[in-house]
Amino acid sequence: MSHLAHVDPEIAALVVAEEQLQADTLRLIPSENYVSHAVLEATGTVLQNKYSEGYPGKRYYEGQQNIDQVETLAIERAKSLFAMDHANVQPYSGSPANLAVYLAFLQPGDTVMGMALPMGGHLTHGWGVSATGTWFRGVQYGVEQTTGRIDLDKVRDLALAERPKVIFCGGTAVPRTIDFPGFAEIAREVGAVLVADVAHIAGLIAGGAHPSPAGHADVVSTTTHKTLRGPRGAMLLSTAEHARAIDRAVFPGLQGGPHNHTTAAIAVALKEAAGPEFRAYAHQVVANAQALGEQLAARGFELVSGGTDNHLLLIDLSGKDVPGKVAAKALDRAGIVVNYNTVPYDTRKPFDPSGIRIGTPALTSRGIPASAMTSVAEWIDLVVAAAKAGDEETITKVRADVKALMDAYPAPGLPVR
Ligand SMILES: *Cc1c(COP(=O)(O)O)cnc(C)c1O
């Protein structure tokens, strides 16, 4: 980064500081990861200088000799990896990708059904504060209070009563397998388009560690930067039937020129995700999350739904008598980075909820094995107790132990110092 350091030492110093922070901390936010050097290099290329509104072979600007090939590679790899007929790799991120789905299939005021935000759904699934819940009529399903799981009979009853045109399945704080065939049956029955939003679990699906929505969902929406371990971006995949509607909604419906450097990095990430090492990675992510869940449960932590099938754990801290935000901030001081999160039927407010959400994608990218989850659970336990007791000494001690583990497992994509 010699050019950056010369031109803008302030930003260069902050980038170096962030590299150090990502190297030294145990990053447990389930939507985060470490991309490879190859993905990082692709995002930093001159491909970003090019304008290319349109699609390969049908552009509004000349000079697409290389860009068309880049985007075609990304499209073909996406189709092959997720076994879908069609792929659009241009959405700027997950939220704009979902907005394109609304533009493709709904008129303002039409009904959309999704999981409620406090139950684990995403803002863009028709939740009130999102454009998707103000310009459209959102009806929301949740999970059962006793099981922490979706009751598909209730989803079906709601769909029959409300007749949504689009149904979203998937979410952002869902620790259990999504029943794609079950949702598909409901969508078929009410004549709705089924959108599987697999933003969180795309890498698990690619690696065979979560069932695939292919053959069940009409549209698959995903970010590329979570478990898939690519650059910040998104993709919309679909059946052949909906290909045209999706493409027209993304461009010219919603976006202008695609971010070609990101498209290139998506292509690289898809190539990496198709390899045997990534399969092992995806399975290890789940094994690590399950091991961590068992260790936390053994220390009296209450896991929403009792555990996990995927990469994430949603922890209700009410029983520990520590608010989620207090725990998250104490963990951050200990070098363990999580986010505070609402839990289903939370009695506290969204900005000060009862839970924390943790996940294993990033630590697994460092090669940290399941055997280390005993220490991780012990640290979380110590820090949550210390947060309650105001014991900063313990927090400082844990920070040193975390750093030692991080030093033993260097992260991909970071410079070696
Ligand atoms: C992360 C996420 C999104 C949005 O992605 P952004 O890139 O943050 O806009 C959409 N849906 C789900 C389920 C997500 O988890």
Side-chain angles (χ1 to χ4, degrees), residues 27-33 35 39 43 82 88-104 112-127 129-133 136 138 140-143 150 166-180 183 194-206 210 213 217 219-237 246 249-250 254-255 258-259 262-263 265-266 269 285 289 304 308-314 338-339 341-342 344 357-362:
R27 298 172 61 238
L28 291 179
I29 294 175
S31 49
E32 293 184 351
N33 215 327
V35 298
V39 167
T43 61
F82 291 97
N88 185 309
V89 297
Q90 294 191 4
Y92 298 143
S93 212
S95 302
N98 283 347
L99 203 50
V101 168
Y102 287 78
L103 191 59
V112 58
M113 191 164 99
M115 191 181 221
L117 182 72
M119 296 284 179
H122 194 259
L123 280 166
T124 55
H125 297 182
W127 190 246
V129 297
S130 153
T132 63
F136 304 91
Q140 313 262 273
Y141 57 86
V143 295
I150 295 168
V166 168
I167 298 175
F168 277 90
C169 63
T172 190
V174 181
R176 293 297 176 178
T177 301
I178 310 295
D179 182 354
F180 299 122
F183 273 100
L194 178 65
V195 183
D197 184 348
V198 301
H200 261 262
I201 53 174
L204 304 184
I205 292 167
H210 186 290
V219 176
V220 175
S221 173
T222 185
T223 58
T224 47
H225 48 270
K226 298 180 183 176
T227 51
L228 192 56
R229 223 161 60 180
R232 301 205 78 101
M235 306 191 291
L236 286 170
L237 302 119
I246 289 292
V250 173
L254 197 65
Q255 298 190 167
H259 296 178
T262 300
T263 306
I266 290 173
V285 166
V304 171
T308 183
D309 301 324
N310 56 31
H311 64 300
L312 79 80
L313 297 158
L314 191 55
V338 307
N339 67 275
N341 215 97
T342 48
R357 190 184 66 147
I358 67 179
T360 51

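Values below: all heavy atoms of this structure, side chains included; hydrogens, waters and symmetry mates excluded. Remember, it's 1-based here, ligands and their atoms both numbered in the order they're listed.
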Original post:
Taking the inter-plane angle between the rings of F183 and Y141 on a 0 to 90° scale, is it parallel (under 30°), tilted (30 to 60°) or perpendicular (over 60°)?
Top reply: tilted
**OP:** Please say which of V250, T262, I266 ends up in a side chain to side chain contact (heavy atoms under 4.5 Å, CB included) with Q90.
**Re:** V250
Subject >> Residue shell around ligand 1, heavy atom under 4.0 angstrom >> reply: S93, G94, S95, N98, H122, G171, T172, D197, A199, H200, T223, H225, K226
Subject >> Pair H200, T172: side-chain N/O donor-acceptor within cut-off below 3.5 Å >> reply: yes
Subject >> The single option from D197, V143, I178 passing side chain to side chain contact (heavy atoms under 4.5 Å, CB included) against M115 >> reply: V143
Original post:
Among side-chain atoms of N339 and R357, is any donor-acceptor pair under 3.5 angstrom?
Top reply: yes
**OP:** Could you tell me how the ring of H259 sits relative to the ring of Y92: parallel (under 30°), tilted (30 to 60°) or perpendicular (over 60°)?
**Re:** parallel
